[in-house]
Number of protein chains: 2
Amino acid sequence: MLNQTDQLDRMFTALADGNRRAMIDRLSRGDTSVSDMAAPLGISLPAVMQHLAILEDCGLVTSRKVGRVRTCSLDTAALSQAEQWLNQRREYWNQRLDRLGEMLLETSSEKPQNRETKK
Amino acid sequence: MLNQTDQLDRMFTALADGNRRAMIDRLSRGDTSVSDMAAPLGISLPAVMQHLAILEDCGLVTSRKVGRVRTCSLDTAALSQAEQWLNQRREYWNQRLDRLGEMLLETSSEKPQNRETKK
DNA sequence: TGTTTGGTTAAGCATGCACTTAACTATTCT
DNA sequence: AGAATAGTTAAGTGCATGCTTAACCAAACA
């Protein structure tokens with residue numbers, strides 16, 4: 001049973017490697033084959049296969065084989081899942097800073113006033 | 001000399017660990033001390049220190065010590081850097097899908113028409 | 001002043017990760 | 001059929017990671 005923590009673990013681990021990000025970068029510009037992705041990386045084909053397995057495992061990339069060539073493509077739904085996690089934390093924190101700012105403002109003015117959140 | 005690739009490596013590596021994400025999660029709800037963060041994690045204090053070092057190293061968290069207690073806080077600017085990387089790739093890919101969709105539409109209709117991108 | 005509290009350093013350990021080479025399979029080209 | 005192409009599997013290596021315990025320091029408290 002794989003929970004969301006597990007899923008994020010895999011996702012961010014996948015994104016933590018420069019070669020894998022380069023592969024994602026390449027795929028963001030269009031579908032491509034395994035050896036095509038390997039070319040600019042300067043590593044062996046088996047190494048690329050292993051990266052691909054990791055990217056597929058966390059859902060960032062899908063692939064299908066036709067003839068002897070395997071074509072890979074990016075899945076942006078998975079990408080946005082990681083994006084959302086970051087976004088939520090950032091938003092939460094920023095809201096907190098806003099509230100703190102207001103509180104300090106009220107305190108420093110040293111007279112009671114309405115405490116509605118600004119629009 | 002540390003380039004942007006290095007920076008993203010560190011950032012995503014930092015985010016790849018569940019305990020560190022839990023620490024970030026905690027910090028997104030307000031500044032807190034080291035032992036305060038350790039409490040819900042069920043790991044030793046030195047372990048938390050090491051996670052903290054990693055989070056500070058990539059700029060996600062800052063801390064200052066006053067008296068004997070060290071207070072940590074989240075830096076959302078760093079968070080949004082990772083967010084942007086993801087966003088750019090996703091956007092690029094989606095635009096590509098849009099263009100592909102249009103191309104298929106034009107092809108299937110089998111008559112020449114204007115090929116402007118839809119607003 | 002002695003003790004608790006909060007944090008820090010150092011050393012060691014098990015596991016995981018990125019990569020390699022070698023050997024093999026299956027498709028396509030000549 | 002034979003050679004070249006595209007990918008795949010297996011095994012091994014070196015280094016990084018996450019954690020631990022033990023020992024230690026300094027601020028706050030009784």
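Note: hydrogens, waters and symmetry copies are ignored here, and every other heavy atom, side chains too, is used. The sequence lines fix the lettering, A, B, ..., with proteins before strands; numbering per chain opens at 1.
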Polar side chain donor-acceptor pair, E56(A) to S63(A), under 3.5 angstrom: yes
Sugar-phosphate, base or nothing in reach of I54(A), heavy atoms under 4.0 Å: sugar-phosphate
Distance-only polar pair, side chains of R64(A) and T71(A), donor-acceptor under 3.5 Å: no
N or O in side chain of S44(A) less than 4.0 angstrom from dT21(C) OP1/OP2: no
Residues that S35(B) engages under side chain to side chain donor-acceptor pair (under 3.5 Å), provided they are two or more places apart: none
Sugar-phosphate only, base, or nothing, as touched by L45(A) at under 4.0 Å among non-hydrogen atoms: base
Separation of dT21(C) C1' from M49(A) CE (nearest whole Å): 16 Å
Validation row: L74(B), D31(B) side chains within 4.5 angstrom (heavy atoms): no
R21(A) (side chain) donor-acceptor with A14(A) (main chain) under 3.5 angstrom: no
Nucleotide range of DNA chain D lying under 4.0 Å from chain B heavy atoms: dG18(D) to dA28(D)
Presence of donor-acceptor pair under 3.5 Å, side chain of Q50(A) and base of dC19(C): yes
Set of salt bridge (charged side-chain N to carboxylate O under 4.0 Å, His left out) partners for D75(A), sequence neighbours left out: none
